[in-house]
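Notes follow the structure.
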Amino acid sequence: MARGRFITFEGGEGAGKSTQLKRLAARLDGAGLQVVATREPGGSPGAESIRELVLNGAADRWSPVTETLLMYAARRDHIERVIRPALERGAWVVCDRFADSTRAYQGAAGGTDPALIAALEAHILEDTRPDLTLIFDFPPETGLARAAARPGAEMRFESKGMAFHEKLREGFLAIARAEPERCAVIDAQGSIEAVDAAVWTTVQARLAVHG
Ligand code: TMP
């Protein structure tokens, strides 16, 4: 059985990633592929418990380094129990956020040493790396307003202030510039249909899906 493909969705708050992820999962399913749609932090029972800890409470509840470690504890469980087994049985895994969120939130915006993050990537991800990463680019002012209006929104990261969110946006764009073969930037300001079309065109072109 050929290994499946691993696609990650990344970007700041309120850029419409989750809606687009559902649409892409449906399109891949329609193309006859086995699809696993998941998210981080979370995606496995243990990682969802860590999500509760890390996303709720006061903005300064955890330092950026502690957050990095919590994100990586959750990520390892998710990889071991969900992502790697799915890829091995040939499924396509579409994941709402992954390692680039740690680089951008805890690294670029939070100030965690990039060397720590790189070491965790090497030891914890091993060869479980995305084949394609879509970076949803969206102005943080609008994104934060949208995210705050969501029912049941977890507000810890939303409440970190505009300077944090500007650094975050730049952090994601810097990742895309550094790794253009893996990453594609999606302008998330269009209509849901326009963004959906851009996502599908990109996935078809980069990963040779027909459907
Ligand atoms: P969500 O709002 O897209 O569900 O993401 C949850 C929050 O967790 C979001 O504010 C970004 C944050 N996050 C990090 O700070 N680092 C990470 O590694 C991940 C996966 C998410």
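If you read the sequence from its start, that first residue is 1, and numbering goes on from there. Remember, it's 1-based here, ligands and their atoms both numbered in the order they're listed. Hydrogens, waters and symmetry mates play no part in the numbers below; they use all other heavy atoms, side chains included.
- At the shortest separation from atom 19 (C) of ligand 1 among protein heavy atoms lies S101 CB, 3.5 Å.
- The shortest contact between atom 14 (C) of ligand 1 and any protein heavy atom is with M71 CE, 3.3 Å.
- Considering OG1 of T102 and CG of L69, their distance stands at 10.0 Å, rounded to 0.5 Å.
- The R150 neighbourhood of ligand 1 comprises atoms 2 (O), with distances under 4.0 Å to a heavy atom of that residue.
- For ligand 1, the atoms closer than 4.0 angstrom to any heavy atom of T102 are 17 (C), 18 (O).
- Contact atoms of ligand 1 toward Q106: 14 (C), 15 (O), 16 (N), 17 (C), 18 (O) (distance under 4.0 Å to a heavy atom of the residue).
- Compare R97, R39, R51 by their heavy atoms: the one nearest to atom 4 (O) of ligand 1 is in R51.
- Under 4.0 angstrom from ligand 1, the non-hydrogen atoms of L55 all belong to its side chain.
- In this structure, atom 11 (C) of ligand 1 lies nearest to the protein heavy atom Y105 CZ, 3.3 Å.
- The distance from ligand 1 to the heavy atoms of K17 drops below 4.0 Å at these ligand atoms: 3 (O).
- In this structure, L132 is a member of the same hydrophobic cluster as W92, with clusters built from ILVMFWY side-chain heavy atoms closer than 4.5 Å.
- Within the 4.0 Å heavy-atom shell around ligand 1 one does not find K160.
- Any N or O atom pair closer than 3.5 Å counts here, and E40 shares no such pair with ligand 1.
- Ion pairing of D131 with R206 is absent here, as no side-chain N (NZ or NE/NH1/NH2) approaches a carboxylate O to less than 4.0 Å.
- Annotation: atom 9 (C) of ligand 1 to nearest protein heavy atom, E13 OE2, 3.5 Å.
- From D77, atom CG reaches atom OG of S49 across 9.0 Å, with rounding to the nearest 0.5 Å.
- Checking only distances, R75 does come within under 3.5 Å of ligand 1, N or O to N or O.
- A salt bridge (charged side-chain N to carboxylate O under 4.0 Å, His left out) with E40 is found for one member of R75, K17, R97 and no other, namely R75.
- The ring pair (Phe, Tyr, Trp, His ring centres under 6.0 Å) test applied to F157 returns Y105, not counting sequence neighbours.
- Taking the centre of each ring, F98 and F6 come in below the 6.0 Å mark.
- E67 does not count as a contact of ligand 1, since none of its heavy atoms falls under 4.0 Å from the ligand.
- Atoms of ligand 1 lying under 4.0 Å from any heavy atom of P41, numbered from 1 in the order shown and given with element: 8 (O), 19 (C), 20 (C), 21 (C).
- By the 6.0 Å and 45° rule, K167 does not stack over the aromatic ring of F164.
- Formation of a donor-acceptor pair under 3.5 Å by the R84 side chain with backbone atoms of T128 is not found in this model.
- Under a 4.0 Å heavy-atom criterion, R156 is not in contact with ligand 1.
- Annotation for V209 and A31: closest pair CG1-CB, 4.1 Å, computed over non-hydrogen atoms.
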